[in-house]
Amino acid sequence: MALFDVPKRNTKETDLNLVKKTQAVKKQNVVRAGNSLIDRIATIKANVERNLGKYSSEFIVIQDEISLHNYILHCIENNAVAIDTETTGLDPILDTIVGVCLYTPNQQAAYIPINHISYVTGAKADNQLEAEAVASELDKLIKAGIDIIMFNAKFDIRVLRNQLGLKDIYCTWDCYLAARLMNENEPSNALKKLHQKYVLNDAEDEFTYDEMFKGIEFNKIPINVAYLYAAHDAKITYELYEFQKKYMYYDETCSPEDRNGMNGVAWVFFNIEMPCVSVVADMEDTGVLFDILYAKKLHEKYSVLLDEKVNNFYRLCEDYSEEINQYLKNNPNSKLEQPINVASPSQIAILLYDILEIEPVDQKSPRSTGEAVLQKIDNPIAKAILEYREVSKLISTYIDKLPNCVNPRDGRIHCSFNQYGADTGRMSSSDPNLQNIPSHNKDIRKMFTASDGYVLMSSDYSQQEPKVMTQMCGDPKMIKAYQEGKDLYAEIAALSFNTTYDNCLEFRPDGTTNPEGKNRRSQAKSILLGVLYGRGVPSIAEQLGTSTEKAQKIKDSVFKGFPAIPQFEQDSLDMAYELGYVTTLWGRKRRLPDLQLDEYEFKWKDGSRLNADILNFEANEDTEVDIPEETIQKYLRKLRRCRFGEKRKIFEEANKEGIWIVDNGAKIADAQRQCVNARIQGSAADMSKLAMILVGKDERLKELGFRLLIPVHDELIAECPIENAKECKERFAQLMSDAAKSRLTIPIKCDVELTKSWYGESVNI
DNA sequence: CAGCTATGCGCC
DNA sequence: AAAGGGCGCATAGCTG
């Protein structure tokens, strides 16, 4: 947004601020000047021509049907095309398509304008193709079944479906997903960054949309300028694909277990990630029906509750009004407002630790006001703050936010799923995030409902991660427990603590509760889940409400009874140290470069110390002097010998010598924890995606009107017409159970819940 | 204002 | 001595 159209605000703006802003928008080769739209387009035009003008002969604009037809023939001949779409925004449903870019080898990259308008009059620009004409030509590519390469295909697929009506548009190679699989630690996954780094070898800079057109919709950019930018994208997508293709291919003669090469990763690409794209696109297009009226009722209900909580907090503060006033008098510059802002952690910290002088609970962060800390503070104010936060979170993040996310055309929420959101391979959800809707609270999820005449269906994998872990450990006793339908935690407890299975259950056979059994079971559970998360013994002890020593003994017993568990931990660590990465059951990689770090790094304090030998003319003046090996060894010896708490002294000692010691201990420990967790969480993610593919592409379910709505990691939410619920339910459960059969021998059972609204009352059929 | 980090918290 | 994996997002508070 430019300076001139910044909305008027109450705050006074100094001239200095305005000057600073003007300076801030100037960047490199991009100049911003002028205030009117006409001036700004002129500036953009100049920028584009200066930076992309070199492509003017390489790229073409296709403005008639015959040229388009000929280009499509070239694509089919080549059996490959890169496609990119240009739109007025990022919403494939509400925003409009502006043009399509194509590139096929040995041809000029082509831009096909469809919906450009004059930035002066707003009238539709001349010499563009009709959407229908473009659609019918693109349909020929689809019918021919040629390779279609895209970057972040889900978006372009949705645009082409919604804007051009291309129902069967597909993608064979998504460079975004390939890039994520090839290096999930890549600092940026933007097309231009990846192309710049891997195709151009960082030789030249490329400009992003915002750097070129910030704040201007693409349909207002004149065609003779726009094509330079747009066609470029299709071309670099293809070039990135050619780069990736060299490394990611599946060798039939090589098993997916080949963990040294890319075979496992390629298998995941072709058999999990790529087939998943259209399923995810379907879910986003479908959306989920939202009950705005019910949300309004919740707003009323929870607003009253919030008022109560705030008032309760202030009422409790009144007991300390003298102390608060005294504090304000002594600390006139403090951040404490009057009244206190309950939502401000810094003000709460002042209240609790400075005014009420409560002893810090957590020595590591003595001024924390987090939930865990507040729960331990025995003061009604702490409780009041927690209650306030609970309600305010519900209102701001869900009750008041979600209604604004509803698409006015269909009353549904179409969020965005990032298919490779987490580095482990898990999906994520945003705008809004539908994977963190409260489940503990029974009101919130009910805002999501089935379509009229439909019923909601949810199916989850029970104990997905423990099952995956059992499979990867390969422990026969654990596998047997699942095969016999036993409770894994109880079985582990029984065999670890030398007692019977029945003695490790919460309930006795006669239905009465067995506190000792419950305790044994939860101990075994804590140990197993602790391994899964890389949790430390003291933390497990805290969870179990016991001493660290006790927890260590419990862990020892479990590890002794189930040596496959520590063996699996060790194998995972070995794999990561040897190969630099761990793998999932299906071959996805999680690279952990931090594991290769030295525990301590030694650097000169003032950056680099240059070679001080003035007489050594041979030496490059940038040559750094290494820190003498004996000095490094001296400190390493000290650090290895020292007790905890003495580290800092040694660091300071080195500091006085001008040496800066970097302690990588925490990073290495993080990576070690990730070794086990990434394998389990990643394998579970593979499994859930396989289920989505099987369910989402099932022809029979499609016939029945069944559609997936939301994946929540180990759970799939869907809906289907009520009259088909019975068949859908059975087929849904069966497909989910079968999805992981290729690698999981443990029995998988899925129960399907039928409801009218999410987590609402069960519907019987 | 835009954009960043820190803190805190919802989910699996 | 302490030791929880993976996300997205709201608000506060700071900076450019």
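For clarity, every value in this text was computed on a predicted model and none was experimentally measured. Chain naming here is simple, since letters A, B, ... match the order of the sequence lines and numbering starts at 1 in each.
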Look at all strands and tell whether [X] reaches a base, only sugar-phosphate, or nothing, counting heavy atoms closer than 4.0 Å.
X: A/Thr548; answer: nothing
X: A/Asn418; answer: nothing
X: A/Gln681; answer: base
X: A/Ser368; answer: sugar-phosphate
X: A/Leu529; answer: nothing
X: A/Arg367; answer: nothing
X: A/Pro538; answer: base

Note to self: If you define the side chain from C-beta out and look only at heavy atoms, does anything of A/Cys642 sit under 4.5 Å from A/Lys647?
What the structure shows: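 Result yes, sub-4.5 Å side-chain heavy-atom pair found.
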What nucleotide, of [options], holds the atom closest to the side chain of [X]?
X: A/Arg673; options: C/dG4, B/dC9, C/dA10; answer: C/dG4
X: A/Ser396; options: C/dA10, C/dG5, B/dC12; answer: C/dA10
X: A/His440; options: B/dC11, C/dG8, C/dG4; answer: B/dC11
X: A/Pro345; options: B/dT7, C/dG13, C/dC7; answer: B/dT7
X: A/Arg389; options: C/dC9, C/dG5, B/dC9; answer: B/dC9
X: A/Lys393; options: C/dA12, B/dC9, C/dC7; answer: B/dC9
X: A/Tyr398; options: C/dC7, C/dG4, B/dG10; answer: B/dG10

Next item on the list: Using the six-membered ring of A/Tyr482, assess whether NZ or CZ of A/Lys467 lies under 6.0 Å from its centre and within 45 degrees of the ring axis.
Entry: yes
Note to self: Both conditions, 6.0 Å and 45 degrees, for the charged tip of A/Lys689 above the ring of A/Tyr420: are they met here?
What the structure shows: yes
Notebook entry, point to check: Between A/Asn185 and A/Arg591, is there a donor-acceptor pair closer than 3.5 Å when you use the side chain of the first and the backbone of the second?
Noted result: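 Yes, because the side chain of A/Asn185 sits within donor-acceptor range (under 3.5 Å) of the backbone of A/Arg591.
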Notebook entry, point to check: Quick check: does any side chain N or O of A/Tyr353 sit under 3.5 Å from a backbone N or O of A/Ser368, one acting as donor and the other as acceptor?
Noted result: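 Yes, because the side chain of A/Tyr353 sits within donor-acceptor range (under 3.5 Å) of the backbone of A/Ser368.
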Margin query: Nearest whole Å is fine: how far is B/dG10 P from A/Tyr302 OH?
Written below: 12 Å
Next item on the list: Can you tell me the distance, in whole Å, between the CG atom of A/Leu716 and the C1' atom of B/dC12?
Entry: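 After rounding, the reported distance stands at 13 Å.
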Check: Phosphate oxygens OP1/OP2 of C/dA12: is one of them under 4.0 Å from a side-chain N or O of A/Asn341?
Finding: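 The answer is yes; a side-chain N or O of A/Asn341 sits under 4.0 Å from OP1 or OP2.
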Note to self: Work out how far the C1' atom of B/dC9 is from that of C/dG4, and round it to whole angstrom.
What the structure shows: 15 Å
